[in-house]
Amino acid sequence: MTDYEKIAELLYPNIKKTVNDYINMYPARKLPDGAEVTRLAPSPTGYLHIGQLFQCLVNKRIADQSKGVFYVRLEDTDQKREVAGAGPIMAEMINYFAPYTEGFHDYNKQNGDYGSYIQSERQAIYLCFAKDLVSRGLAYPCFCSSDDDDDESCDYREEQKKLGVPTGYYGKWAKCRNLTYEEVKANIDAGKKYTIRIKANGNGTEKMVHKDLLRGSIVFPKNFVDYVLIKSTGLALYHMAHVVDDTLMHTSTVIRGEEWLSSVPLHYQLFEYFGLKAPKYLHTNLLMTTDANTGNTRKISKRYDPWADCRWFIEQGFPKEAIIEYVLNLANSAFEPWRTANPNADINEYILKTGNMGKSGAMFDMVKLVDVSKNVIAKMKAPEIYSRVLLWAKKYDITLAYLLERDKEYAISIFAMDRDNKPRPRKDTAKWSEIKEFYSYMWDDLYLSKERNYDFEEETKLKDIKELLERYILVYSASDDNQTWFNKVKETASLCGYCTDMKEYKLNPEKYKGSIRTASTIIRVAITGIRETPDLCEIMKILGEKVVHARIVETILAIEEFIKNGIE
RNA sequence: GGCCCCGUGGUCAAGAGGUUAAGACAUCGCCCUUUCACGGCGGAAUCGGGAGUUCAAUUCUCCCCGGGGUCACCA
């Protein structure tokens, strides 16, 4: 037995399995040629971040389009940062946007043959791999930390900064690197806690090449820092878990954010030490935003940007297709031309090519999302909008939900306005939360409960409004078709001195009180309170004779009141 | 500061030695129109800077500058 083997036994007498045992336990997946196995590995520290969704969608697409597998693994090795209950909620969100079968769903619900998909349950595996490294002298126990906290008590970092050399545990600062069996044993016997560190073989000048699926060849100095692999608690760090898990779970391509690029040398070293083949890597760009206060570009943060949390978009009522489309568009610029060419194709038919993904940080543009969302909603028919809005409203707006359910047909007819019967549908709704306010005049419950604030045009005189409405109410009939309806509006307008021909009006505006636009606006405002609405004739038909009548009369009365008070 | 990534209009970006430097969103103007939205037409707006290589550089090389990431017993 070598000293290394003796140390390994001393540290982990109960680990009997070998690395090979585990490797044999999880044989390669049976998948068609070219199938990619990808994963999302969130840590349960909060809720799904929009940047994670970005990673998630790319991973999912790459797997699906190659007939491979996309799975979810919970990286919960950091108990300190863990937020209770966050894991299952994250899984639910991932599943909402990118349905998956294999992996973690809940602490008592996992699917797949390569589990556990919860890292805290994999401790024995990591320790086995660590023991293997220790027994071969490629890793070693380090006692440099103080007993009760995770702060390295060695103050070598300050010294290194002063010296202007890279910070880290290496070289002469790596005091535990060459401890003998006897020294290790003495420390252990003294009850000292220890971490396991990799014994790096780079010297800071030796180079290595990483071939990234997106970024091409990148030259790094070979890793020369003895990073911690196993914490003093016995739990693994990301680097160790990544190498072990992605090997055992047979991940073919690791797609992760650019923030991981700088740890690639460490990961390669680990694979090399284990004699394992590293997966393919793709390091994506990062999602950014402009800081409202400083004007600087920065990473999207949960602290400052409420929309960093994916739930925000759902609460706002953005359809998930819109969110997916926009994020995919950010990930891959070829998406938008594809969507233009295939407006009705299922999003799962899109083939995402890794070569033309963006390399530089992408600004998250809410305005563009809104546009994408409007287009997505514009493709929906009224019944679909109805069920979508209802589903949303049940959770976020019970008043709306009540109105929708009270009279389903009525609600659908509202959503059908300027939409189902038009070649080019309206594009004015981006999210469900806008619906209630936008169509508030369509429900008396909402309309009557609000303070009336007639939005007539400034220059229109009250007495003229009154006159027009009084005349119009006499000819109005709920049974009129669109043409008849408009003819009546024109006749009334003409009688009151408005010009019904826009060209004529533009030539001689002084001859008239206003144009047919002015007259129409008066009726529109009398009925809806506002100047901008879908087709007025349709609105009046849906509202019905009684309501239209009541609203016009109410308006006339209100105007009389204004006039009485000397307002013109 | 060391190492690494990135740099085309306000935003996402196509272009890979020779182009009037695409397209989408936003913005401005006009048209259509009973309002708004839609739609149509048009405008303004971009190759970070400097050296090289070349007959020719947005495109290749180098330097600089700028932005970002990372240097934890976090992921």
Side-chain angles (χ1 to χ4, degrees), chain A residues 41-45 75-78 80-81 142 144-145 149-152 157 160-161 164-169 193-197 204 210 212 214-215 218-221 225 227-233 235-239 241-242 256-265 283 285-286 288 290 296-299 326 329-330 333-337 339-340 356 358-372 374 378 418-419 422-429 457 485-486 489-490 493 500 502 515-521 523-525 528 530-537:
Chain A
S43 59
T45 52
E75 310 230 316
D76 60 345
T77 54
D78 186 8
K80 282 199 203 78
R81 298 202 317 154
C142 168
C144 284
S145 311
D149 69 318
D150 57 356
D151 208 34
E152 280 173 37
R157 242 179 283 271
Q160 288 168 333
K161 273 183 190 165
V165 298
T167 53
Y169 198 83
K193 287 186 178 173
Y194 60 90
T195 61
I196 301 294
R197 310 190 90 115
H210 160 61
D212 198 89
L214 174 60
R215 294 162 194 279
I218 302 171
V219 179
F220 289 99
V225 176
Y227 287 105
V228 172
L229 264 18
I230 305 287
K231 303 175 201 183
S232 58
T233 55
L235 286 167
L237 266 94
Y238 171 85
H239 308 105
H242 154 54
R256 50 160 44 166
E258 197 188 332
E259 71 266 29
W260 289 110
L261 203 48
S262 52
S263 42
V264 160
H283 291 91
N285 56 351
L286 264 19
M288 313 292 284
T290 303
N296 292 338
T297 298
R298 59 164 169 75
K299 273 206 291 190
Y326 176 61
N329 183 234
L330 232 35
S333 59
F335 178 80
E336 197 163 24
R339 175 48 86 201
T340 309
N356 57 4
K359 291 188 182 75
S360 49
M363 292 288 216
F364 191 93
D365 185 357
M366 199 63 78
V367 177
K368 178 77 178 183
L369 198 222
V370 163
D371 178 71
V372 169
K374 281 179 179 173
D418 282 5
R419 191 186 306 274
K422 294 278 165 67
R424 278 194 300 271
R426 298 189 71 81
K427 254 183 218 175
D428 46 17
T429 305
E457 289 167 351
W485 174 86
F486 192 47
V489 172
K490 281 208 275 196
T500 56
M502 284 309 290
S515 71
I516 183 69
R517 307 165 83 121
T518 325
S520 302
T521 301
I523 301 173
R524 187 185 309 279
V525 173
T528 66
I530 57 177
R531 279 189 237 172
E532 296 154 12
T533 75
D535 187 90
L536 221 207
C537 178

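Throughout, a chain's letter reflects where its sequence line sits, starting with A, and its residues are numbered from 1.
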| note | Once base and sugar-phosphate atoms are separated, protein heavy atoms under 4.0 Å mark nucleotides 5-12 of chain B, 5' to 3', with B, S and - as BS----SS
| field | Sidechain N-carboxylate O distance under 4.0 Å for A:R426, A:D428 | value | yes
| remark: The single option from A:L214, A:D212, A:N285 that satisfies side chain to side chain contact (heavy atoms under 4.5 Å, CB included) with A:K359 is A:L214
| Derivation and outcome, salt bridge (charged side-chain N to carboxylate O under 4.0 Å, His left out), residues A:E259 and A:K299 | CA-CA 11 Å; A:E259 71 266 29; A:K299 273 206 291 190; 5.7 Å; no
| note | Among the nucleotides B:rU70, B:rU35, B:rC25, whichever has the atom closest to the side chain of A:V367 is B:rC25
| Which is true for A:K161 with a 4.0 Å heavy-atom rule: it touches a base, it touches only sugar-phosphate, or it touches nothing? | nothing
| field | Pairwise C1' distance, B:rC6 and B:rC12 [rounded to whole Å] | value | 15 Å
| What does A:P221 touch in the nucleic acid at a heavy-atom separation under 4.0 angstrom: a base, only the sugar-phosphate, or nothing? | sugar-phosphate
| task | Tell me what A:V489 touches on the nucleic acid: a base, only sugar-phosphate, or nothing, going by heavy atoms under 4.0 Å. | result | nothing
| note | Out of B:rC71, B:rG69, B:rA37, minimum distance to the side chain of A:K299 belongs to B:rG69
| remark: By salt bridge (Lys or Arg N to Asp or Glu O under 4.0 Å), A:R424 pairs with (sequence neighbours left out) none
| Counting side-chain heavy atoms from CB outward, which of B:rA37, B:rG68, B:rA26 is closest to A:L286? | B:rG68
| message | Would you measure the distance from the P atom in B:rG29 across to the matching atom in B:rU11 and give it in whole Å? | response | 22 Å
| When you look at A:H283 and A:R256, which way does the side chain to side chain donor-acceptor pair (under 3.5 Å) test go after all the steps? | CA-CA 5 Å; A:H283 291 91; A:R256 50 160 44 166; 2.9 Å; yes
| request: Look only at the side chain of A:S43 and the backbone of A:T45, and say whether a donor-acceptor pair between them is shorter than 3.5 Å. | output: no
| Distance, P atom - from B:rG15 to B:rA22, rounded to whole angstrom | 14 Å
| Gap in Å between the two P atoms, one belonging to B:rC31 and one to B:rG49, rounded | 39 Å
| request: Using the C1' atoms only, state how far B:rG68 lies from B:rC32, rounded to an integer number of Å. | output: 47 Å
| said: Within the 4.0 Å heavy-atom criterion, would you say A:T77 contacts the bases, only the backbone, or no part of the nucleic acid? | reply: sugar-phosphate
| Okay, side chain of A:K231, backbone of A:T77: is any donor-acceptor separation there less than 3.5 Å? | yes
| query | Looking at A:Y227, is A:R197 sitting on its ring face, NZ or CZ under 6.0 Å from the six-membered ring centre and within 45 degrees of the normal? | reply | no
| query | When you compare B:rC28 with B:rG18, how far apart are their C1' atoms, in angstrom units rounded to a whole number? | reply | 34 Å
| Quiz item: A:R81 side-chain donor-acceptor pair to B:rC74 base, under 3.5 Å | yes
| said: Taking Watson-Crick (N1-N3 plus N6-O4 or O6-N4) and G-U wobble (N1-O2, O6-N3), each under 3.5 Å, can you produce the dot-bracket string of RNA chain B? Use [ ] for crossing pairs and | for inter-strand ones. | reply: ((((((((.[[[..)..(....]]].(((((.......)))))....[[[[[..)....]]]]])))))))....
| task | Give A:D418 one of three labels, base, sugar-phosphate or nothing, depending on what nucleic acid heavy atoms sit under 4.0 Å from its own. | result | nothing
| Nearest-angstrom distance, C1' atom, B:rU46 to B:rU20 | 15 Å
| query | Are any of the side-chain nitrogens in A:E258 or A:R215 under 4.0 Å away from the carboxylate oxygens of its partner? | reply | yes
